[in-house]
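We use all heavy atoms of the structure for the numbers below, so side chains are in, but hydrogens, waters and symmetry mates are not.
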Amino acid sequence: MNHIVIMAGGVGSRFWPMSTQDNPKQFIDVLGVGRTLLQLTYDRFQSVCDPDNVWVVTSAQYAEKVHSQLPDIPVKNILCEPCRRNTAPCIAYVSYRIKAKDPSANIVVTPSDHVVMDVKEFQRVIKGALQFAGETDGIVTLGMKPTRPETGYGYIQANLSAQSIRSKEIFAVDSFKEKPDLETASQYIKHNNYFWNAGIFIWNVRTIVNAFRMYQPALNRIFESLYAVYGTPEEQKAIDNVYAQSENISIDYAIMEKAEEIFVFPCSFGWSDLGTWGSLAQLSQKDANGNCLISQNAKTFETSNCIINVEGNKQVVVQGLNGYIVAQRDGRLLICKLSEEQRIKEFAVN
């Protein structure tokens with residue numbers, strides 16, 4: 001059966017003042033559509049698997065938020081990390097938890113705070129990747145076709161001459177590339193075999209468990225040793241006792257850069273990790289002057305290329321700005337140049 005794993009433990013303030021450490025971006029409606037990023041992530045998988053097979057891995061402090069926003073998934077499917085240890089321990093834990101329930105499961109692992117504009121194409125790609133993972137021992141990652149020389153993403157170098165036998169759309173991975181500088185990113189996009197690494201993975205549970213056994217034996221032993229308590233009342237206490245022993249390591253370093261049967265599914269469905277207000281502006285609808293008016297009651301005069309997001313029905317009138325962010329929530333107000341948002345957010349948060 002198909003299972004979906006949503007990683008929702010991230011903290012931070014990329015969309016300050018809308019998001020804070022107490023209320024990270026996955027739990028807020030940054031698009032102004034009435035659904036949070038976590039809920040939108042869940043929504044786009046509804047045709048892929050049953051709610052009983054949706055899992056969310058999060059921090060214990062966010063478990064109640066997850067339950068309130070996703071009431072259709074079983075409470076026992078909300079797995080709580082007692083401390084932050086990056087994506088590899090998170091995935092090892094949930095993989096063994098799913099294996100205890102369904103030893104032949106096909107799994108999609110996805111972040112909770114990304115955005116997808118073409119949901120039908122996304123679902124088509126996911127279903128194709130799940131079929132491939134169920135029929136092979138391969139690990140599949142989604143590669144986004146780049147639209148610009150982006151320095152904020154890692155890249156996947158594909159071998160487009162090594163088409164898989166089971167799918168004409170899936171290719172062998174030659175290498176993973178770290179986030180590049182602008183010059184290197186510009187060189188990458190001149191070639192048709194470099195793709196943005198979206199951090200979305202598809203595999204069979206046997207495949208990923210075997211990969212942990214081979215490439216991360218110490219990490220694997222921690223979670224394999226708890227196999228008898230998964231799904232029992234003792235599970236959370238056992239996890240709390242051992243989780244901090246896990247190495248703080250990403251799945252990319254732990255598995256993806258070491259395993260041999262790694263494949264990429266190049267795709268394009270309007271994806272973004274929404275790392276900045278600027279990235280949100282690129283995806284949002286704009287008025288005739290290039291303004292993104294996410295607020296319900298915003299008016300602009302002699303204003304262009306701005307993004308305005310004010311909570312609730314608060315009235316906001318902006319005049320004479322070009323290329324600015326205007327954002328307000330819970331008594332916090334941000335007005336700054338889009339080009340300076342990172343520097344200003346660091347100043348505001350610290």
Donor-acceptor pair, side chain of Asp118 and main chain of Gly270, under 3.5 angstrom: no
For Leu338 against Ile325, the heavy-atom pair lying closest together: CD2-CG1, 3.4 Å
Validation row: Gln157, Phe176 side chains within 4.5 angstrom (heavy atoms): no
Nearest-0.5 Å distance, CG of residue Asn2 to CG of residue Asn53: 8.0 Å
Euclidean distance, Asp50 CG relative to Met1 CE, rounded to 0.5 Å: 6.5 Å
Minimum heavy-atom distance Cys80-Ala63, with the two atoms named: SG-CB, 3.6 Å
Beyond-backbone contact of Ile126 with Leu142, side-chain heavy atoms, under 4.5 angstrom: yes
Asp252 CG to Glu257 CD distance, which is reported to the nearest 0.5 Å: 6.5 Å
Met144 and Phe195, any side-chain heavy atoms less than 4.5 Å apart: no
Polar side-chain atom of Asn86 near backbone of Ala88 as donor-acceptor pair, under 3.5 Å: no
Pairs touching residues 106-130 that satisfy ring-ring contact (aromatic ring centres under 6.0 Å, His included), sequence neighbours left out: Phe45-Phe122, His114-Trp271, Phe122-Phe269
Expected output: side-chain Gln26 to main-chain Ser112 donor-acceptor under 3.5 Å: no
Residue pair Asp43, Gln39: steps toward the side chain to side chain donor-acceptor pair (under 3.5 Å) verdict: CA-CA 6 Å; Asp43 292 347; Gln39 290 170 322; over 6 Å; no
Donor-acceptor contact present, side-chain Asp113 to main-chain Leu37, <3.5 Å: no
More than 12 heavy atoms of other groups within 6.0 Å of Gln285 CD: no
Heavy-atom pair with the smallest gap, counting every atom of Pro17 and Arg329: O-CB, 3.7 Å
Gap separating the CG atom of Asn106 from the CD1 atom of Ile4, nearest 0.5 angstrom: 10.0 Å
hydrophobic_cluster_shared for Phe265 and Phe263, side chain cutoff 4.5 Å: yes
Atom OH of Tyr253 with >12 non-hydrogen neighbours under 6.0 angstrom: no
Audit row: Phe27, Val66, side chain to side chain contact (heavy atoms under 4.5 Å, CB included) steps and yes/no: CA-CA 8 Å; Phe27 299 116; Val66 172; 3.8 Å; yes
Salt-bridge contact Lys237-Glu234 (side-chain N to carboxylate O under 4.0 Å): no
Contact check, side chains of Gln216 and Ile255, non-hydrogen atoms, under 4.5 Å: yes
side-chain hydrogen bond (donor to acceptor under 3.5 Å, both in side chains), paired with Ser304, selected from Asn291, Asn322, Asn289: Asn322
Lys258 atom NZ: more than 12 heavy-atom contacts under 6.0 Å: yes
Residue from Lys99, Arg97, Lys101 passing side chain to side chain contact (heavy atoms under 4.5 Å, CB included) with Val205: Lys99
CD (Glu260) with more than 12 external heavy atoms under 6.0 Å: no
Check: Trp196 and Tyr155 side chains under 4.5 Å, non-hydrogen atoms: yes
Parallel, tilted or perpendicular: ring planes of Tyr227 versus Tyr230, cut at 30 and 60 degrees: perpendicular
Heavy-atom check, side chain of Phe201 versus side chain of Val5, under 4.5 Å: no
Shortest non-hydrogen contact between Pro180 and Tyr153, atoms and distance: CD-O, 3.4 Å
Least distance between heavy atoms, Cys306 atom then Thr303 atom: SG-CG2, 3.7 Å
Side-chain heavy atoms of Glu169 within contact of Arg124, under 4.5 Å: yes
Student check: side-chain heavy atoms of Asp287 and Thr300 closer than 4.5 Å: yes
Separation of Thr232 OG1 from Lys76 NZ (nearest 0.5 Å): 13.0 Å
Near-ring test Tyr96/Phe223, centroid separation under 6.0 angstrom: no
Gln69 side chain to Leu38 backbone, donor-acceptor under 3.5 Å: no
Glu235 vs Tyr93, side chain to side chain donor-acceptor pair (under 3.5 Å): CA-CA, chis, key distance, verdict: CA-CA 11 Å; Glu235 177 181 341; Tyr93 171 26; 2.6 Å; yes
Test item: Arg44 side-chain N/O and Gln123 main-chain N/O as donor-acceptor pair under 3.5 Å: no
Rounded distance [0.5 Å steps], CD in Gln315 versus OG in Ser295: 11.0 Å
Shortest non-hydrogen contact between Pro111 and Thr41, atoms and distance: O-CG2, 3.7 Å
